[in-house]
Q: 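Just passing along the structure, written as structure tokens.
In what follows, chains carry the letters A, B, and so on, assigned in the order in which the sequence lines appear, proteins first and then strands, with residues in each chain numbered from 1.
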2 protein chains.
Amino acid sequence: MVTGPRILVVDDDPTVSDVVHRYFDKAGMSVQVAADGNAALEIAARWLPDLVVLDLMLPGMGGLAVCRALRETRDVPVIMLTALGEESDRVLGLEQGADDYLTKPFSPRELVLRVQSILRRAAGPEASELLTDGEIVVDSAARQATRDGALLALTMREFELLTFFLRHPHQAFDRAQLLEQVWGWTFGDSATVTVHVRRLREKIEIDAAAPTRIITVWGVGYRYEPVPAGAAAGHT
Amino acid sequence: MVTGPRILVVDDDPTVSDVVHRYFDKAGMSVQVAADGNAALEIAARWLPDLVVLDLMLPGMGGLAVCRALRETRDVPVIMLTALGEESDRVLGLEQGADDYLTKPFSPRELVLRVQSILRRAAGPEASELLTDGEIVVDSAARQATRDGALLALTMREFELLTFFLRHPHQAFDRAQLLEQVWGWTFGDSATVTVHVRRLREKIEIDAAAPTRIITVWGVGYRYEPVPAGAAAGHT
DNA sequence: GGAGGAGCTTACGGACTCCGAACGGTCCCG
DNA sequence: CGGGACCGTTCGGAGTCCGTAAGCTCCTCC
């Protein structure tokens, strides 16, 4: 996955940058780490990151100065990390043009979410996408799914699971993969997947006991199989 | 983008004007910066900006004097920037004919939103845009909303929230997105959104406890669903 | 055909989300 | 200065959803 967005992390504390590094990796992003302002500017000039995560407290050149220098050469989004209670610094950071900020200690997961949100914003308005499979239509923008025009009451997990399957048909995934792709987990009980697949089947399959869409691949996991183009039906 | 509206920024602090400059650029507007009152008047006379962002605290000639001088030659909208707590100054500023004001520190995003709002208002009655959904009609220029012809007493936030929803129907937004799009915040408590949605529902829904327009999307946020074209009714 | 493992089904308690109401603060007006 | 409007926050409560556990069925391989 060399094609993911490039993130530059600037922090002199290795325990912070290491954790953040791993989380970004998992989210499919490329990461470089700089320990001080000079290294940051150097990497930024050469590597052209899509976003910069910047600690406000840096040895030598301060975080604000780095931010300003970054913005001079290129219009790259910046997320600032500030220590708790440095209210004035935070305000200053926002005025300097930081696109967002987080106060330490922060959750790595939240950082990833904010980064994705900002990148999405920079990418422009997302096209409202319609995923279809036979009589089932999923509107990812509206976050609702219909079957024969009737609304399907899917919960959030079920909706995301279905969306993922529709985007990756004809391909088998084991439970660990689904847990990571849909839940965003890297650990956890795979039984969770089993239960949610069952609940989803109950809502989208004609007969949940004899599924035709979410196929069980024995010893592996599951595979989504769209209905053939000119299939049985009797619908419309 | 040479065709965008022209904004003149008057502030002696480069860290402020630079940031503001970039944000306006991103919004597709042309920007000129003046560091003091004399430069401001000179540029204004030559360049004829569509709007002026004016710091109240200026070296030499004060912001109020600049504002007065600007208004003498041409009726250009002015947004004032005031330091926190300068209550009297702000009042004075509004009396001098400022169209809006912001207290420092402010969010650049919010400034852009206010500028766009004022420009839209100043664009004249030709842009009198009518947003409608069933028996609800919103006149964005007049900043008035009616239901069955009766005026709806919406506050500013409620009005802007409703306007945003009407412009983006059938699409689910999480609270952070609404906070950014409507409030102009990139941080803050998402509960704010919840409460305003509730208060707006109280005014536009038949039964606020069973909303049919502002739908809550569990685990995500809200979605606006206009009434179907040939729906039930019994109105008029 | 039997044993073992993998998947299915159900039930339940806790966690989370949303709602509704009330509170305190600020600004505006009389 | 007192009252009102609007806004952002907070808190309790109710409802929903989710993950886990436990027993069961089905498949596979010996």
Q: Any chance you could measure B:Leu161, atom CG, to B:Arg201, atom CZ, to the nearest 0.5 Å?
A: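 Taking CG in B:Leu161 and CZ in B:Arg201, the distance rounds to 10.5 Å.
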Q: Round to the nearest Å and state the distance from A:Arg199 atom CZ to C:dA11 atom C1'.
A: 11 Å
Q: If you compare all heavy atoms of B:Val33 against all heavy atoms of B:Ser17, which two are closest, and at what distance to 0.1 Å?
A: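 Scanning both residues, the minimum pair turns out to be CG1-CB, 3.8 Å.
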Q: Starting from C1' on D:dC18, measure out to CG on A:Leu179 and report it in whole angstrom.
A: 13 Å
Q: Give a yes or no on whether a salt bridge exists between A:Glu160 and A:Arg143, defined as a side-chain N under 4.0 angstrom from a carboxylate O.
A: yes
Q: Quick one: do the A:Gln144 and B:Arg223 side chains pair a donor with an acceptor below 3.5 Å?
A: yes
Q: Only one of B:Thr192, B:Thr194, B:Val193 clears side chain to side chain contact (heavy atoms under 4.5 Å, CB included) with B:Leu178; which?
A: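 Result for side chain to side chain contact (heavy atoms under 4.5 Å, CB included) with B:Leu178: B:Val193.
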Q: Would one find a side-chain N or O of A:Arg198 under 4.0 angstrom from OP1 or OP2 of C:dT10?
A: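 So the side chain of A:Arg198 is within the cut-off, an N or O lying under 4.0 Å from OP1 or OP2 of C:dT10.
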Q: Measure CG/B:Leu154 against P/D:dA5 and give the value in whole Å, please.
A: 15 Å
Q: Would you please confirm or rule out a distance under 4.0 Å between OP1 or OP2 of D:dG8 and any side-chain N or O of B:Trp183?
A: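 Yes, because at least one side-chain N or O of B:Trp183 sits under 4.0 Å from OP1 or OP2 of D:dG8.
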Q: Pairing donors with acceptors under 3.5 angstrom, does anything connect the side chains of A:Asp133 and A:Tyr224?
A: yes
Q: Would you kindly give the CD-to-P distance between A:Glu160 and D:dC18, to the nearest whole Å?
A: 9 Å
Q: In whole angstrom, give the distance that lies between atom CG of A:Leu200 and atom C1' of C:dT9.
A: 16 Å
Q: Any donor and acceptor pair, going by atom type alone, linking the side chain of A:Glu158 with main-chain N or O of A:Arg199 inside 3.5 Å?
A: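 No: the side chain of A:Glu158 does not pair with the backbone of A:Arg199.
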Q: What's the CE-P distance between B:Met156 and C:dT26, to the nearest Å?
A: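 After rounding, the reported distance stands at 17 Å.
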Q: Can you tell me if the side-chain N/O atoms of B:Arg157 get under 4.0 Å from OP1 or OP2 in D:dC7?
A: no
Q: Is the phosphate of D:dC7 approached by B:Thr155 (side-chain N or O, under 4.0 Å from OP1 or OP2)?
A: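 The answer is yes; a side-chain N or O of B:Thr155 sits under 4.0 Å from OP1 or OP2.
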Q: Heavy atoms only: give me the nearest B:Val220-A:Met156 pair and the separation to one decimal.
A: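 The answer is CG2-SD, 4.3 Å.
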Q: Could you go over nucleotides 15-18 of chain C and give all protein N or O partners under 3.5 Å, atom names and distances?
A:
| unit_1 | atom_1 | unit_2 | atom_2 | d |
| --- | --- | --- | --- | --- |
| C:dC18 | OP1 | B:Arg175 | NH1 | 3.4 |
| C:dC18 | OP1 | B:Gly219 | N | 3.2 |
| C:dC18 | OP2 | B:Arg175 | NH1 | 3.1 |

Q: So which heavy atom on B:Ala172 is nearest to which on B:Gln177, and how close?
A: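 Closest heavy-atom pair between B:Ala172 and B:Gln177: O-OE1, 4.2 Å.
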Q: Would you say B:Thr192 places a side-chain N or O within less than 4.0 Å of OP1 or OP2 belonging to D:dT9?
A: yes
Q: N/O contacts under 3.5 Å, protein versus nucleotides 12-14 of chain D?
A:
none

Q: Between C:dC19 atom C1' and B:His196 atom NE2, what is the distance in whole Å?
A: 16 Å
Q: Between A:Leu178 (CG) and D:dG19 (C1'), how many Å, whole number?
A: 16 Å
